[in-house]
Amino acid sequence: MSTDAPRYRFAPSPTGYFHVGGARTALYNWILAVRQGGTFVLRIEDTDESRNQPQWTQGIIDALAWLGIDSTDPHFEGPYFQSANAAEHVAAAERLFASGHAYYCDLTSEQIQERAKQTGTTGYDGYSRDRGLGPGEGRVLRFRVPEGHTIVKDLVRGDVDFDNATIEDFVLLRGNGTPVFLLANVVDDILMRISHVVRAEEHLPNTPKQQMLWDALGHGAPQWAHVPVLVNEQRKKLSKRRDKVAVEQYREEGILADAMRNYLMTLGWAPAGDTEIVEWQSIVESFRLEDVNHSPAFFDVKKLQAFNGEYIRLMSIEQFVEQAEVILMSPGVPWPADRYRPEMFRAMAPLVQTRVAVMAEVVPMVDFLFLAEPPTDDASFTKAFSGDVAASTLEEIAVEFESITWNVEQIKSAVEAVGERHGIKLGKLQAPLRVAVTGRSVGPPLFEPIELLGRDETLRRIRLALARARR
RNA sequence: GCUCCCAUCGUCUAGUGGCCUAGGACACCACCCUCUCAAGGUGGCGGCACGGGUUCAAAUCCCGUUGGGAGUGCCA
């Protein structure tokens, strides 16, 4: 491999479900690595921290693969685990101490706070800078921040100038000797020859510190790029506690991977032209960090669903059936597995496809076909049968149904005939019928599923509803 | 508090000094289509935060104000 092929990295920590914000950052890195013939390194930042759980690591890998970021692709490298490099992190810290870039300090957090309080300042004041302390139990290693300014050259934001005087001598090694994130992160990036660090904006304030570390360790800093965070309707950074951010959850609801990645790419950036729904390939070809917006973007589930609906309608009927059956044949479904009839769903599929935004909505659209009894919705039932002629016209429809040829056209004309007799429009007339057969007041077109259900079952359901209406 | 970032319709965005009486998408509203609901079609509502400059010309450049956000850990 050529040494100047760019190396990007994505470095999540396995502390929970995979976050949509992380997904977007991963996508950015992936697109750039693929297009530039470079590498996407996945590094799991699992250093200490009680929150880390092994199962989250697999979750990240699965979610990335779902989005098309796959270890079978030659651009993919990893996963690496930060914890495996602990010795390197400590060694780097020791080098920094040996070269005078870092020093030990024996102050406790409480003592530091006490000193700050007395001088009316905040943070650490550099107390041990020149005390010449060596390593020891409970002593932390701190970086000696040099005087001057640190300019972070950022592909998204341009040059950002930090006055080093505003940056305190930060900790590299904890009192127990373990390295902190800042150090581990930089050392790993150096070790893995990372050339481009593309990550969320929240890391921007850390960046001058990391850049000083790169310098002190004898390396030129990588190309930085800080992309805006994703926010909720309150304009706060998306949080796992408060907001619905799990990629897995959207996936389970039936958001399509193509829709998710396309939508994610329209946050902070937009494909050229008047359409937002575009081929993935064209995004890969045209995405540029320089074009990424500078302000936070609201993650709008409604718009995600609209995108998903578009993608659903873009599918061929075969693809739609295949995707739908992932949910229809899953254990979460309300009917016993052996009552599912693939041929029935296939017949209904075109009618369902234009009516769902997420795949999970397919279930309530066809459940009445597979359930022994239609679901009961008291409010719909009461409303549908509230008119004085509702029951009697349904009765007449049942009579017609007994003798007609059983197909969609005849079923429809039978209902229409009853309507004409009473001067009632089809739209109104079908309400009691719909509730009797499907249990709901809205749903896909009625006559097709009635044909599918068969004469006997349809009549049975009508009589049952009639009996109930007359109670 | 301090440091840094940001500011075009409600939301996501196009716009990089004249093509902008600011374009598209989602949402919303109306109408058409229609067996309910959708989908689809047509139309509508709605925005350059504010104040100063620079310029023949500013949404676009500069300064300030205001408003948002992020970071301020011996978390990552």
Side-chain angles (χ1 to χ4, degrees), chain A residues 11-15 45-52 82 105 107-109 112 121-124 138-142 152 154 156-157 160-163 165-168 170-182 184-185 200-208 226 228-229 231 233-237 263 266-277 291 293-300 302-307 309-310 312-313 351-357 361 365 384 411-412 415-416 419 425-431 433-435 438 440-448:
Chain A
S13 54
T15 57
E45 308 227 315
D46 60 343
T47 43
D48 79 355
E49 194 64 29
S50 49
R51 304 182 317 201
N52 290 335
Q82 184 155 72
C105 174
L107 253 37
T108 63
S109 306
I112 291 168
T121 56
T122 53
Y124 180 69
R139 292 182 180 174
V140 301
L141 184 69
R142 285 182 181 271
V152 171
D154 191 288
V156 173
R157 282 152 210 286
V160 185
D161 185 338
F162 294 87
D163 183 350
T166 66
I167 302 172
E168 67 177 36
F170 51 93
V171 171
L172 261 22
L173 252 29
R174 303 187 182 93
N176 64 8
T178 58
V180 302
F181 153 76
L182 216 57
N185 194 262
E201 184 187 8
E202 62 205 82
H203 292 283
L204 186 54
N206 277 330
T207 308
H226 290 89
V229 293
V231 297
E233 47 275 85
Q234 279 80 239
R235 305 242 114 223
K236 303 278 190 219
K237 188 173 76 163
Y263 174 64
T266 66
L267 262 24
W269 181 81
D274 278 347
T275 25
E276 293 180 309
I277 308 273
D291 296 335
N293 267 192
H294 297 184
S295 38
F298 170 48
F299 184 80
D300 186 349
K302 271 228 175 108
K303 190 159 178 177
L304 203 213
Q305 290 181 342
F307 268 53
E310 291 251 7
I312 286 175
R313 277 168 249 123
L351 304 176
V352 175
Q353 188 173 11
T354 57
R355 266 162 260 259
V356 293
E361 289 171 0
M365 211 129 259
I411 293 167
K412 186 179 181 192
V415 178
E416 278 169 343
K425 285 231 169 81
L426 196 48
K428 190 178 176 197
L429 190 64
Q430 55 97 45
L433 211 213
R434 177 180 290 280
V435 171
T438 74
R440 300 174 200 278
S441 55
V442 298
L446 230 203
F447 306 120
E448 287 80 356

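Because the structure is predicted, anything quoted here is derived from the model rather than measured. We name chains A, B, ... by the order of the sequence lines, and we start the count at 1 in each one.
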So A:His203, base contact, sugar-phosphate only, or nothing? Heavy-atom distance under 4.0 Å. base
Rounded to whole Å, please give me the gap between CZ in A:Phe162 and C1' in B:C2. 13 Å
Please name the nucleotide paired to B:U42 by Watson-Crick or G-U wobble geometry with both distances under 3.5 Å, or report none. B:A30
In whole Å, measure the gap between the P atoms of B:C20 and B:C28 for me. 30 Å
A:His294 NE2 to B:U16 C1': how many Å, rounded? 11 Å
Counting only side-chain nitrogens and oxygens, does A:Asn293 get under 4.0 Å of the OP1 or OP2 atom of B:U13? yes
Report the residue (A:Glu416 or A:Asn206) whose heavy-atom-nearest nucleotide on RNA chain B is the more 5′ of the two. A:Glu416
Between B:U36 atom C1' and A:Arg355 atom CZ, what is the distance in whole Å? 9 Å
Of the nucleotides B:A76, B:A70, B:C4, which one has an atom closest to the side chain of A:Gln82? B:A76
Check this for me: does the side-chain of A:Arg235 come within 3.5 Å of the base of B:U11 through a donor and an acceptor? no
Determine: side-chain N/O of A:Lys236 to OP1/OP2 of B:G69, distance under 4.0 Å, yes or no. yes
Of B:U13, B:C35, B:C74, the nucleotide closest to the side chain of A:Gln430 is B:C35
Whether the side chain of A:Glu276 and the base of B:G24 hold a donor-acceptor pair under 3.5 Å is what I'd like checked. yes
With a 4.0 Å cut-off on heavy atoms, is A:Ala431 in touch with a base, just the backbone sugar-phosphate, or nothing at all? nothing
Between B:G71, B:G1, B:C12, which one does the side chain of A:Ala297 approach most closely? B:C12
Phosphate OP1/OP2 of B:G40: any A:Arg313 side-chain N/O under 4.0 Å: yes
Counting any heavy atom closer than 4.0 Å, what does A:Asp163 reach on the DNA or RNA strands: base, sugar-phosphate only, or nothing? nothing
When you measure from the side chain of A:Arg142, which nucleotide among B:C26, B:C5, B:C74 comes out closest? B:C74
Can you measure from CD (A:Glu416) to CG (A:Leu429) and round to the nearest 0.5 angstrom? 9.5 Å
What distance do A:Leu182 atom CG and A:Thr207 atom OG1 have between them, rounded to the nearest 0.5 Å? 9.0 Å
A:Val140 side chain: which of B:A38, B:C26, B:C74 is closest? B:C74
Counting any heavy atom closer than 4.0 Å, what does A:Ile112 reach on the DNA or RNA strands: base, sugar-phosphate only, or nothing? nothing
Residue pair A:Glu276 / A:Lys303, side-chain heavy-atom distance below 4.5 Å: yes
Under 4.0 Å, counting only non-hydrogen atoms across every strand here, what does A:Ser109 touch: a base, just sugar-phosphate, or nothing? base
Given that A:Pro205 and A:Val160 both sit by RNA chain B, which one's nearest nucleotide is further toward the 5' end? A:Val160
Would you confirm whether A:Arg355, through its side chain, and A:Pro444, through its main-chain N or O, come within 3.5 Å as a donor-acceptor pair? no
Under 4.0 angstrom, heavy atoms only, what part of the nucleic acid is A:Arg157 near: base, sugar-phosphate, or nothing? sugar-phosphate
For the side-chain contact (heavy atoms from CB on, under 4.5 Å) test, which of A:Glu202, A:His294, A:Arg157 pairs with A:His226? A:Arg157
Span that lies between the C1' atom of B:G68 and that of B:C74, in whole angstrom: 32 Å
Would one find a side-chain N or O of A:Lys302 under 4.0 angstrom from OP1 or OP2 of B:C26? no
We want to know whether A:Asn293 and A:Ser295 form a side-chain donor-acceptor pair, criterion being a heavy-atom distance below 3.5 angstrom. no
Whether A:Lys425 contacts B:U34 is assessed here as follows: a side-chain N or O lying under 4.0 Å from the phosphate OP1 or OP2. Is that the case? no
Find the distance A:Phe181:CZ to B:G71:P and express it as a whole number of Å. 12 Å
C1'-based separation of B:U60 from B:C19 [nearest Å]: 14 Å
Identify whether any heavy atom of A:Thr354 sits under 4.0 Å from a base atom; if not, whether one sits that close to sugar-phosphate; answer base, sugar-phosphate or nothing. base
Using a cut-off of 4.0 Å on non-hydrogen atoms, how would the nucleic acid contact of A:Glu361 be classed: base, sugar-phosphate, or nothing? nothing
Using the P atom as the point on both nucleotides, what is the distance between B:G15 and B:G53, in whole Å? 30 Å
Of the listed nucleotides (B:C74, B:G1, B:G69), which one gets closest to any side-chain atom of A:Val229? B:G69
Can you confirm if the aromatic rings of A:Phe299 and A:Tyr263 lie within a centre distance of less than 6.0 Å? yes
For residues A:Phe181 and A:Thr47, determine if any side-chain heavy atom of one lies less than 4.5 Å from a side-chain heavy atom of the other. no
Using the C1' atom in both, what is the distance from B:A38 to B:A59, to the nearest Å? 39 Å
Opposite nucleotide pairing with B:C4, Watson-Crick or G-U, both atom distances under 3.5 Å: B:G69
Applying a 4.0 Å non-hydrogen cut-off, can you work out what A:Gly268 is touching in the nucleic acid: base, sugar-phosphate, or nothing? sugar-phosphate
Which nucleotide wins on minimum distance to the side chain of A:Leu267, given the candidates B:C4, B:C74, B:C12? B:C12
Please classify the nucleic acid contact of A:Pro444 as base, sugar-phosphate, or nothing, using heavy-atom distances under 4.0 Å. base
Is any N or O donor-acceptor pair between the side chain of A:Lys303 and the base of B:C12 shorter than 3.5 Å? yes
Under 4.0 Å, counting only non-hydrogen atoms across every strand here, what does A:Gln353 touch: a base, just sugar-phosphate, or nothing? nothing
Flag side-chain contact, heavy atom, 4.5 Å: A:Phe447 against A:Leu433: yes
What does A:Gly427 touch in the nucleic acid at a heavy-atom separation under 4.0 angstrom: a base, only the sugar-phosphate, or nothing? sugar-phosphate
In whole Å, I'd like the distance from the CE atom of A:Met365 to the P atom of B:U36. 14 Å
A:Leu446 near the nucleic acid: base, sugar-phosphate alone, or nothing, with a heavy-atom cut-off under 4.0 Å? base
Tell me the partner of B:C61, counting only Watson-Crick (N1-N3 plus N6-O4 or O6-N4) or G-U wobble (N1-O2 and O6-N3) with both under 3.5 Å; none if nothing fits. B:G53
